[in-house]
Amino acid sequence: MALGSLLPELLPGGSGRTPLIERVARWAREKPDAPAFTFVDYSADPAGAHVTVGWAETDRRARAMAATLRQVTGPGERAALLLPQTLEYMMTMLGAMYAHVIAVPLFSPDLPGHADRLIGAYADAEPAVIVTTRNALPHVEKFLADHDVPRPKEIVFAEEVDLALADRWEDEPIGFDDLAYLQYTSGSTRRPAGVEITHGNVTANAAQLWSGWAPEKPDPELVSWLPLFHDMGLIATMALPLVHGDHAIYTDPVSFIMNPMRWLQLIASRPGKNVYTAGPNFAFEYVATAARPEKIAGLDLSGLTTCLNGAEPIRPSTLSMFADALAPAGLRPGAQAPGYGLAEATVFVTAAAEDVPPKVISVDRDALTQGELRLREGGSELVSCGGPSGQLVAIVDPETRIEQPDGRVGEIWVHGPNTALGYWRNSERSQDTFGGELSEPGGLPAGPWMKTGDYGVVHEGELYVTGRIKDLIIVDGRNHYPQDIEVTTQEAHAAVRPDHVAAFALTGEETERLVVVAERNRRVPLGRLDLDEVEAAVRGAVNIEHEMGVHDFVLVEPGGVSRTSSGKIARAATRQRYLDGALPTTAARLASRK
C-alpha cells in the first residue's frame with residue numbers, strides 16, 4: 001500500500017492554490033516590520049554581522065528586482081544567479097519569480113570545488129541575463145572568457161538595483177504551471193540537468209514541508225547555512241518562511257565549513273523560539289566531531305524543534321554521534337528527523353519528524369539484496385525516513401511497474417503537486433523520469449509518477465531508502481549495495497577516512513568487477529602508513545563480509561573522492577576519474593616524498 005495522501009488545500013479549488021510568491025505582498029501588508037530574512041555575514045565580522053529585512057522591505061526589494069530584470073529581458077528568459085550567498089541572492093530569486101523570468105540559482109564562479117557543475121548548468125540553461133555583484137564581476141568575466149559558454153545579453157548588479165523601481169512594478173497573473181526556476185541537480189550519477197520547477201511545485205512543497213515538520217508550535221524560525229543553489233537550501237530558506245510569514249536566519253556554506261560551531265551558535269541564539277534547521281548527513285558528523293565539551297559550554301539547544309537530516313544514505317552512527325555530542329547542550333532525543341528528498345520532487349518527500357528518536361532497524365543484508373526486508377539482529381542497519389506529507393509514495397517493481405507490498409524492495413515512485421514538469425530541453429529523459437505509469441494501479445493514480453532512481457522498502461508504514469539503482473553492483477549474479485561495501489572498507493583499517501569511500505563496478509568479460517576508492521585518514525601520519533597493510537585489510541574484510549573479491553583498491557589523498565553539492569558520494573564521477581587516471585593517489589604522494 002502506498003504511503004501518504006494529498007493535501008486538500010492544494011487540490012483544485014483549495015485555499016492553498018495561491019502561488020507562494022504572492023504571499024510576500026500579503027505579509028508586507030499584514031506585518032510589514034516583522035523580520036523576514038536575516039543574513040549573517042562572517043566575512044565582514046568574525047562574530048557574525050546580522051543584516052535583517054522585514055516583510056515590507058523584502059517585497060519592495062523583490063519588486064525593484066522584478067522591474068530591473070524586465071527592463072533587460074522578457075518573460076520566460078533565464079537569469080543566472082552568479083553571486084555570493086547574501087540577502088541580494090534571496091531578493092534576486094523573489095524578484096525573478098515576480099517577473100516571470102526563469103531563475104537559474106547558481107553561485108559565484110570563485111566558489112571552490114564546483115567548476116564542472118557551473119559550466120554544465122550555465123551552458124544548458126543559456127541565460128539571457130547574469131545577476132552578480134561588483135565584487136564577483138572579475139570572477140564572472142574570467143568564467144565567461146575561459147569557457148565555451150553563451151555570453152549573456154546583460155549583466156545586472158544586484159546591490160545596485162534602484163529601489164524606486166518597485167513603485168513602477170505592476171503585478172502580473174502567476175499561474176501554478178508557470179516556470180519559476182531551473183533547479184540543477186547535483187550530478188551524483190550524471191551531468192547536471194535542469195529540473196523545471198513551477199510556481200505550483202514551490203507552493204506545494206513548502207506546504208508539504210511545513211506539514212511534515214509539524215510546526216504548530218509558536219514563533220517558528222528557520223536557521224540555515226545550506227547553499228541557496230541547492231534544492232534543500234533554497235526551499236528551506238526561501239520558500240518555507242513564505243508559508244506563514246516566518247523568519248529565516250541564514251549564512252553561507254563557506255562560513256559553516258570554516259567553523260561548524262556557527263550553526264549551533266545561531267540555533268542557540270534564538271531563545272524562546274522554536275527553531276527548524278536542515279542539513280546533509282556529512283554536516284551532522286562534521287559538527288559532532290567539532291563539538292567538544294568546551295566548544296558547547298553555554299550553548300542551549302533545547303529550542304531546536306526539528307533538525308532534518310536529508311541526504312541518503314543516513315548513517316546510524318552519525319545520528320548517535322550527533323545526539324551524544326550535543327545532549328549536554330540540551331538537544332532533545334527527538335529533534336533529529338531523518339528524511340528523503342530530491343530535486344525532481346522540488347526537494348521534500350518524506351521525514352520522520354514525530355519528536356521521537358530516529359528509528360533504526362537491523363536487517364539481513366543478503367535477503368535485502370534479493371529484494372526482501374528481513375529483520376536480523378546484528379545485520380545491516382537502515383534508518384527510517386518516515387512518511388510523506390501531501391504526496392504519495394509507492395514502492396514499484398521497475399520492470400513490471402506493479403506496486404510492491406510492504407517488505408519488498410523496489411523503486412521509489414512519487415506522485416503529487418510537488419513533482420516537477422520535467423528536465424529543461426530534454427523531453428526524452430523527462431518522459432523516462434516523470435512519466436511513470438502503474439500497470440495495475442488499483443486505488444492509486446495510474447500516473448504520472450516520478451521515478452526516483454532509488455531503491456527503497458516500506459516497513460510498518462515508514463520508508464527506508466536502500467540505495468541508488470544505477471549504483472547497484474552485480475557480481476556473479478548477486479546484488480550488492482555500494483554503501484554496505486563502503487562501510488566495510490572504512491571499518492577495515494584506521495587509515496581509511498570514514499564516510500569518504502566510493503565503491504563501484506567496472507564491466508568485465510564475464511561479470512562486473514568491484515573497485516573501491518578510499519580517502520586516507522589524516523589522523524594516520526604518512527610516515528607510518530603501510531599501503532600493502534591497508535589494502536590487505538580492506539580486501540580481507542570485503543571478502544569475508546560480502547563474499548566477493550576486490551578487483552582494485554585505491555587509497556587516495558583527502559578530497560580525492562568526488563562528492564555532490566549536498567555532500568553525497570558521487571560514485572559515477574569518482575569512477576570516471578579512476579578510469580581517466582586522475583585520482584590523487586596516496587601511492588603517488590609517498591613516491592614524491594622519496
Side-chain angles (χ1 to χ4, degrees), residues 78-85 89 103-127 130-132 136-152 181-196 226-234 252-254 257 280 282 311 342-344 423-426 429 433 453 468 470-471 482 500-504 506 515 517 519 554 556-585:
R78 276 80 58 214
L81 279 66
L82 303 187
L83 70 164
Q85 184 153 307
Y89 198 110
V104 186
L106 296 171
F107 42 87
S108 179
D110 61 317
L111 186 70
H114 298 288
D116 289 343
R117 174 191 170 131
L118 181 59
I119 296 167
Y122 182 93
D124 185 68
E126 294 188 280
I130 286 177
V131 182
T132 188
L137 180 61
H139 305 296
V140 171
E141 291 178 331
K142 186 176 187 305
F143 168 74
L144 294 173
D146 289 351
H147 304 290
D148 183 21
V149 294
R151 297 195 66 85
Y181 59 91
L182 299 180
Q183 180 64 67
Y184 276 85
T185 60
S186 53
S188 61
T189 59
R190 61 181 97 183
R191 286 184 61 79
V195 182
E196 298 178 330
L226 293 169
L228 295 177
F229 63 81
H230 189 264
D231 48 13
M232 188 193 303
L234 187 62
D252 63 283
V254 174
I257 296 297
F282 88 88
L342 66 168
E344 287 81 355
Y423 296 110
W424 177 250
R425 293 176 174 172
N426 195 331
R429 185 175 168 192
T433 298
R468 293 285 300 170
K470 290 184 178 298
D471 286 341
H500 288 76
V501 182
F504 50 85
L506 299 180
V515 175
V517 177
E519 289 187 17
V554 185
V556 298
E557 288 300 279
V561 172
S562 299
R563 304 182 84 88
T564 70
S565 62
S566 62
K568 302 173 190 175
I569 298 296
R571 299 183 184 96
T574 304
R575 179 181 184 274
Q576 190 58 53
R577 291 173 67 199
Y578 168 85
L579 293 172
D580 293 342
L583 291 173
T585 65

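Here the structure is a predicted model, which is why all the values come from computation and not from measurement.
Considering only residues two or more places apart in sequence or on other chains, E141 meets the salt bridge (Lys or Arg N to Asp or Glu O under 4.0 Å) condition with none of them. With sequence neighbours left out, the salt bridge (Lys or Arg N to Asp or Glu O under 4.0 Å) criterion links D146 to K142. Every residue two or more places apart in sequence or in another chain that forms a side-chain contact (heavy atoms from CB on, under 4.5 Å) with D580 is listed here: Q576, A582. Taking the side-chain hydrogen bond (donor to acceptor under 3.5 Å, both in side chains) definition, one finds that Y423 meets it with E344, sequence neighbours left out. Applying the salt bridge (Lys or Arg N to Asp or Glu O under 4.0 Å) test to E519 and every residue at least two apart in sequence or in another chain returns R497. Evaluation of the salt bridge (Lys or Arg N to Asp or Glu O under 4.0 Å) rule for E557 yields R520, R589 as partners, not counting sequence neighbours.
The residue from R425, R78, R151 that alone fulfils the salt bridge (Lys or Arg N to Asp or Glu O under 4.0 Å) condition with E126 is R425.
Of the possible donor and acceptor atoms, none in the side chain of Y181 sits under 3.5 Å from a partner among the backbone N and O of V195. The main-chain N or O of L82 is found under 3.5 Å from a side-chain atom of T132 such that the two form a donor-acceptor pair. Judged by distance alone, the side chain of R468 and the main-chain N or O of P482 form no donor-acceptor pair under 3.5 Å.
Heavy-atom minimum distance, L234 versus P105: CD2-CG, 4.2 Å. Nearest heavy-atom pair, Q85 versus L228, reported as atom, atom and distance to 0.1 Å: OE1-N, 2.7 Å. Minimum interatomic distance between G194 and Y184 (heavy atoms only, all atoms of both residues): N-CE2, 3.2 Å. Heavy-atom minimum distance, R429 versus A193: NH1-CB, 3.1 Å. Between V561 and A502, the shortest heavy-atom distance links the atoms CG1-CB, 4.0 Å. Closest of all the heavy-atom pairs between P584 and R577 is CD-NH2, 3.6 Å.
Within the 4.5 Å cutoff, the side chain of R575 has heavy atoms near those of the L506 side chain. Taking 4.5 Å as the limit, every side-chain heavy atom of V140 sits out of range of all side-chain heavy atoms of S108. Residues L144 and P152 meet the side-chain proximity criterion, which asks for heavy atoms closer than 4.5 Å.
Interatomic distance, CG of D231 versus CG of L342, reported as 7.5 Å (0.5 Å rounding). The distance from atom CD of E196 to atom CD of Q183, rounded to the nearest 0.5 Å, is 13.0 Å. Between Y122 atom OH and H147 atom NE2 the span is 11.5 Å, to the nearest 0.5 Å. Rounding to the nearest 0.5 angstrom, the gap separating the CZ atom in R571 from the CG atom in D471 is 4.5 Å. Atoms CG and OG1, from L579 and T574 in turn, are 11.0 Å apart once rounded to the nearest 0.5 Å. Of the inter-residue distances, the one linking F143 atom CZ with I119 atom CD1 reads 6.0 Å to the nearest 0.5 angstrom.
Ring planes of F107 and F229: tilted class, angle from 30 to 60°.
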Practice task
Decide side-chain contact (heavy atoms from CB on, under 4.5 Å) for Y89 and V131; before the verdict, give the C-alpha distance in whole Å, the side-chain angles of both, and the deciding distance to 0.1 Å.
Solution key: CA-CA 9 Å; Y89 198 110; V131 182; over 6 Å; no
